[in-house]
> 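Would you mind keeping the following structure in view while I ask a few things?
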Amino acid sequence: MASISNCTCDVLVVGTGPAGLVAALAMAQAGLDTIAVGPYVDPARDTRTTALFTGSVALLRNLGLGARLEPALVPMTGLRLIEDTGGIWRAPEVLFRADELGLREFGINIDNAALNTALLAATRGQAGLRLIEGTVTPDFQSDNNGSTLRLGSGATISARLIVGADGRGSLCRREAGIDAHTSSYPQSAVATRFRHTRPHTNISSEFHRPAGPVTTVPLTGLESSLVWVETPDEARRLMGLDDNAFIRTLDDRLQGLLGTVTAIGPRASFPLTRMSADRLGARRIALIGEAAHVIPPIGAQGLNLGLRDIATLVELVTRARSLGADIGAETVLTAYDAERRGDITIRSAMVDTLNRSLISDFLPLHLVRGAGLHALNTLPWLRRLVMREGLHPSGRVPALMRT
Ligand SMILES: Cc1cc2nc3c(=O)[nH]c(=O)nc-3n(C[C@H](O)[C@H](O)[C@H](O)COP(=O)(O)OP(=O)(O)OC[C@H]3O[C@@H](n4cnc5c(N)ncnc54)[C@H](O)[C@@H]3O)c2cc1C
C-alpha cells in the first residue's frame, strides 16, 4: 500500500476488510476513480473460512477473481440439519441437495486467508484504484460538492461518495449520524478447522443443540471447518483445552458423522452479537458489510449479505453517473437503503429466530421447529422453496451477481 498527500477521487472506501476490498475493486472496474484506505492486516492472520453462495461466487468471478480463487474454492453440494436438542421428540434429519434445484452446488467454502490474499493482490493491480495504508479520523467535512476526510497521517482525501466498510464499530456510521440497534446473545462461537477419517462428500452439517448450532463445512480432502456455538463459559473451557482434549470433545459432539477427528487447527472465539444500522446511508456515506449489519455466524449469512450490499450500491452509483447525477446524493443513498433493507431485515430475523428457538426453554417453540423440520423432510416443494430463498432473496438479482 502507498502513502499520499492530499487528493481527490469519485469514491473513497473506508476499511479494507473483505467487504471494503471487493467494493473498491467493483467501483474501480465500473470506471470510478477510487481510493481505499485501511490499516495493513496480514491476510494469513484470519484462520477462519467463509461459505459463499452462488451469487457471491458469481460476483467474485465477474470481478476477475476466478483464476486467483479457483484452487481455494471447495464446492458445497449439500446441507444436512441434525436435531440434537435431547428433547422428548427428535425431529428427522433433513438433507438439502443442490441437485434438487438443478444446481451443481449451493456455493463454496474458502479459507479467509486465501480470499483476503487474492483480494489484496487484485486491488493492488487494479487500474483506477489507489490503496492507501492508514486510518480515517473523525470530523468528516461535507458540502454539496463532496466530503473531505483526514487520515491519521494528516493527509486529506475528498470524494463525492464515501463507502463505509469499516466494520462493526464503524466511524463512518457515526459520522453519517446513523444510529444502530445492537443486541448480544448469551453465546460465543469457537471457530477452527479439523481433519477427519470419513469423507464429508462436500456436505455441510449443522447440529442443532440447546446451546446453539455446531456446523461443519467442507474443505479440501479429509478436512472441514467448524463453527461451534456454545455458552460463553463452555466456549472459554473449549478454548482452554489442549489439542488432544479438544479432539476428544469434538469427536463426542460429532457422533462419528465424519469418522474420527485426527487433527485440529488454531482456535479463535467470537461473542455472538447482532447489529443493524437504522439507515444504510446519509451525508454522502453509504454503509456496507459489518458497518451496516452484524449477524451471528449461523447459516453463513454475514459476508454474503455484505456482497449483496456492494452489488446493489455499484449498480445505483453507476446509474446515477450515467444520468450525469451526483453519485453521493441523498437520492442515491435513499434508493440504496430501500433496495437493501428487506433482505438485511429478513436474514437477520431468520438467524435470530433459529438461534432463539434453540436456546429457548419454551417447549412449544421446540415443537414448532421440530414440525418445521419434519415438513421440510416430507415436502419437496417446501424444501426447494427454502433452498432458493436461502441462496438468494427472491426479487431482482444485481447484474454483478448474475452468472
Ligand atoms: C466465526 C465466523 C464465521 C463466519 N462465517 C461466515 C460464512 O461462512 N459466510 C459468510 O458470509 N460470513 C461469515 N462470517 C461473517 C464475515 O466474516 C463478516 O461478514 C465479514 O468478515 C465482515 O467483513 P467487513 O469487511 O464488513 O468487516 P471487517 O472484516 O471487520 O473489516 C473492517 C475493516 O475496516 C478497518 N477500519 C476500521 N476503522 C477504520 C478507520 N477509521 N479507517 C480505516 N479503516 C478502518 C478495519 O481495520 C478492518 O480492516 C463469519 C463470521 C464469524 C465471526
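The shown structure was predicted, so the numbers you read here are calculated from the model rather than taken from an experiment. When reading the values below, keep in mind they use all heavy atoms of this one structure, side chains included, and skip hydrogens, waters and symmetry mates. Each ligand, and each atom within it, is numbered from 1 in the order the structure gives. Count residues from 1 along the sequence.
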> When only distance counts, is P39 in polar contact with ligand 1, meaning an N/O pair under 3.5 Å?
no
> Within ligand 1, which atoms have a heavy atom of A165 less than 4.0 Å away?
32 (C), 33 (C), 34 (O)
> Would you mind running through ligand 1 and noting each atom that sits below 4.0 Å from a heavy atom of F270?
1 (C), 53 (C)
> With rounding to the nearest 0.5 Å, note down the distance linking CG in D242 to CD1 in I247.
9.0 Å
> Pull out every atom of ligand 1 sitting under 4.0 Å from any heavy atom of V136, numbered as shown with elements.
40 (C), 41 (N), 42 (N), 43 (C)
> Would you mind finding which of E290, E175, H293 brings a heavy atom closest to atom 22 (C) of ligand 1?
E290
> Give the numbers and elements of all ligand 1 atoms closer than 4.0 Å to a heavy atom of V37.
43 (C), 44 (N)
> Which residue and non-hydrogen atom of the protein lie closest to atom 11 (O) of ligand 1, and at what distance in Å?
L303 N, 2.8 Å
> If you count the atoms of ligand 1 from 1 in the order shown, which ones are under 4.0 Å from a heavy atom of G17?
25 (O), 31 (O), 33 (C), 49 (O)
> Using a strict 4.0 Å cut-off to heavy atoms of T50, name the atoms of ligand 1 that fall inside it.
7 (C), 8 (O), 9 (N), 10 (C), 11 (O)
> Does one side chain, of R193 or T47, offer a donor that lies under 3.5 Å from an acceptor on the other?
no
> Which protein non-hydrogen atom lies closest to atom 36 (N) of ligand 1, naming both residue and atom, and how far is it?
D166 CB, 3.8 Å
> With nothing but distance in play, are any N or O atoms of N112 less than 3.5 Å from an N or O of ligand 1?
no
> Salt bridge (Lys or Arg N to Asp or Glu O under 4.0 Å) with D166: which residues, sequence neighbours excluded?
none
> Run through I285, I35, L161 and flag the one making a side-chain contact (heavy atoms from CB on, under 4.5 Å) with L12.
I35
> Measure from NZ or CZ of R283 to the centre of the six-membered ring of F140, then state whether that distance is under 6.0 Å and the direction lies within 45° of the axis.
no
> Quick one, T49 with S225, criterion side-chain hydrogen bond (donor to acceptor under 3.5 Å, both in side chains). Give me CA distance, side-chain angles, the key distance, then yes/no.
CA-CA 7 Å; T49 70; S225 56; 2.9 Å; yes
> In terms of residue, atom name and distance, what is the protein heavy atom nearest to atom 52 (C) of ligand 1?
R48 NH1, 3.1 Å
> Assess whether salt bridge (charged side-chain N to carboxylate O under 4.0 Å, His left out) is satisfied between E70 and R61, documenting all intermediate values.
CA-CA 9 Å; E70 223 59 62; R61 289 195 172 122; 2.8 Å; yes
> Taking it one step at a time, do S205 and R80 satisfy side-chain hydrogen bond (donor to acceptor under 3.5 Å, both in side chains)?
CA-CA 5 Å; S205 298; R80 181 187 287 119; 2.8 Å; yes
> For the side-chain contact (heavy atoms from CB on, under 4.5 Å) test, which of I310, V22, T312 pairs with I288?
I310
> What protein heavy atom sits nearest atom 3 (C) of ligand 1, and how far away is it?
P297 CB, 3.7 Å
> Would you mind checking which non-hydrogen protein atom is closest to atom 30 (O) of ligand 1, with the distance to 0.1 Å?
G167 CA, 3.9 Å
> Kindly compute the distance separating CE (M401) from CG (L60), expressed to the nearest 0.5 Å.
8.0 Å
> Considering only protein heavy atoms, which is closest to atom 35 (C) of ligand 1, and at what distance to one decimal place?
G15 CA, 3.8 Å
> Compute the minimum heavy-atom distance from P18 to ligand 1 and say whether it is under 4.0 Å.
yes
> Counting only N and O atoms by type, is there a donor-acceptor contact under 3.5 Å from the side chain of R284 to the main-chain atoms of D143?
yes
> Could you tell me, atom by atom, which parts of ligand 1 come under 4.0 Å of a heavy atom of V14?
42 (N), 43 (C)
> Mind checking the CG-CD spacing from D84 to E206? Nearest 0.5 Å is all I need.
12.0 Å
> Is the closest protein non-hydrogen atom to atom 14 (N) of ligand 1 under 4.0 Å?
no
> Output yes when the distance from some N or O of ligand 1 to some N or O of A189 is under 3.5 Å, and no in every other case.
no
> Quick one: look up the protein heavy atom nearest atom 5 (N) of ligand 1 and list residue, atom name and how far away it is.
T49 O, 3.9 Å
> Residue-level breakdown please: for R168 versus ligand 1, do any non-hydrogen atoms fall below 4.0 Å on the side chain, on the backbone, on both, or on neither?
neither
> Give the atom numbers and elements of ligand 1 that come within less than 4.0 Å of a heavy atom of A19.
24 (P), 25 (O), 26 (O)
> To the nearest 0.1 Å, how far is atom 8 (O) of ligand 1 from its closest protein heavy atom, and which atom is that?
A51 N, 2.8 Å
> In Å and rounded to the nearest 0.5 Å, what is the CG to CG distance from D309 to D343?
8.0 Å
> How far does CD of E105 sit from CE of M76, to the nearest 0.5 angstrom?
8.5 Å
